[in-house]
Amino acid sequence: MEKDYYSRLNQYRSMWVLVFFDLPTETQKDRKAAANFRKKLLKDGFTMFQFSIYMRFCASRENSEVHTKRVKQSLPEYGKVGILQITDKQFGMIKLFYGQKPAELEKPAQQLELF
């Protein structure tokens, strides 16, 4: 049984959900809506990748769909929001650059999921 669990957690089944957004912040109401959207992402287990990009690891495509639906239910009234689902294998090929030097991607903390 333990072997079956780990065989399901492979780079092609595991998914990353990335949420990227551009929300208006001109008024107090806009800023509050943007802050509430960020708080909901954090509450659902997303972590900040960049200021307007949040990401979450999911053990399966089905699990990534659950979190995608939650994001859709939390969409603010105004602004642009994109949701991207990619495999762990694809995410592992990311190249990050700070200034002129390439930087290694920090391995995110392993997230435990209880069913």
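Predicted, not measured: the structure shown is a model, and the values here were computed from it. In what follows, residues are counted from 1 in the order of the sequence shown. Quick note: numbers below take in every heavy atom, side chains included, and nothing from hydrogens, waters or symmetry partners.
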Do the non-hydrogen side-chain atoms of [X] and [Y] ever get within less than 4.5 Å of each other?
X	Y	value
Asp30	Leu23	no
Phe49	Leu96	yes
Leu41	Ser74	no
Gln85	Thr68	yes
Asn63	Arg56	yes
Val17	Ile83	yes
Val19	Phe46	yes
Tyr54	Thr47	no

Subject >> Met15 CE to Asp88 CG distance, which is reported to the nearest 0.5 Å >> reply: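 Going from CE on Met15 over to CG on Asp88, the span is 10.0 Å.
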
**OP:** List the atom of Ser64, the atom of Cys58, and the distance in Å for their closest heavy-atom pair.
**Re:**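 In this case the closest contact between Ser64 and Cys58 is CA-SG, 3.6 Å.
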
**OP:** Applying side-chain hydrogen bond (donor to acceptor under 3.5 Å, both in side chains), name anything that partners Ser52, two or more places apart in sequence or on another chain.
**Re:**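 With neighbours one apart ignored, the set is empty.
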
Original post:
Would you find a donor on one side and an acceptor on the other, under 3.5 Å apart, between the side chain of Arg31 and the backbone of Glu26?
Top reply: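 Indeed, once roles are kept as given, a pair shorter than 3.5 Å links the two residues.
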
Subject >> Parallel, tilted or perpendicular: ring planes of Phe21 versus Phe37, cut at 30 and 60 degrees >> reply: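 The arrangement is perpendicular - the two ring planes meet at more than 60°.
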
**OP:** Determine which pairs satisfy salt bridge (Lys or Arg N to Asp or Glu O under 4.0 Å) with at least one residue from residues 62-77, sequence neighbours left out, and list them in order.
**Re:**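 Passing the test, one end in residues 62-77: Arg13-Glu62, Asp44-Arg70.
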
